[in-house]
Amino acid sequence: MSPEVIAVLGFVALFAMMLLRVPIGIAMGVVGVLGFASLTALYPAMNLLAQSPIRVSTDWDLAVVPMFILM
């Protein structure tokens with residue numbers, strides 16, 4: 001499929017999940033991973049899914065905000 005068709009299907013799936021009362025963050029994550037998997041392959045999408053939370057949690061900029069609030 002072309003990337004444009006995958007994008008339209010992703011928006012439709014996102015809005016359908018929102019109508020089914022799935023939390024927006026989870027719906028966006030599922031649609032994003034499945035869209036990336038359909039554009040590349042399953043293994044890179046699962047690799048992205050495994051590395052992304054660790055990359056965000058070890059980001060220095062996000063660690064400074066709670067420390068500033070605690071001070």
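Since the structure is predicted, the reported quantities are computational estimates derived from the model, not experimental observations. Values reported hereafter were calculated over all heavy atoms of this structure, with side chains retained and with hydrogens, waters and symmetry mates removed.
A distance of 11.5 Å separates CG in Leu34 from CG in Leu9, rounded to the nearest 0.5 Å. Here Asn47 contributes atom CG and Phe36 contributes atom CZ; the two are 9.0 Å apart, rounded to the nearest 0.5 Å.
Here the side chains of Met17 and Ile24 are not in contact, with every heavy-atom distance at 4.5 Å or above. Using a 4.5 Å heavy-atom threshold, the side chains of Val8 and Glu4 count as separate.
Ile6 and Leu14 are assigned to two separate hydrophobic clusters, defined by single-linkage of ILVMFWY side chains at heavy-atom distances under 4.5 Å. Both Met28 and Val22 are assigned to one and the same hydrophobic cluster, defined by single-linkage of ILVMFWY side chains at heavy-atom distances under 4.5 Å. In this structure, Val31 is a member of the same hydrophobic cluster as Met18, with clusters built from ILVMFWY side-chain heavy atoms closer than 4.5 Å. Transitive grouping of hydrophobic side chains (ILVMFWY, heavy atoms separated by less than 4.5 Å) keeps Phe11 and Leu39 in distinct clusters.
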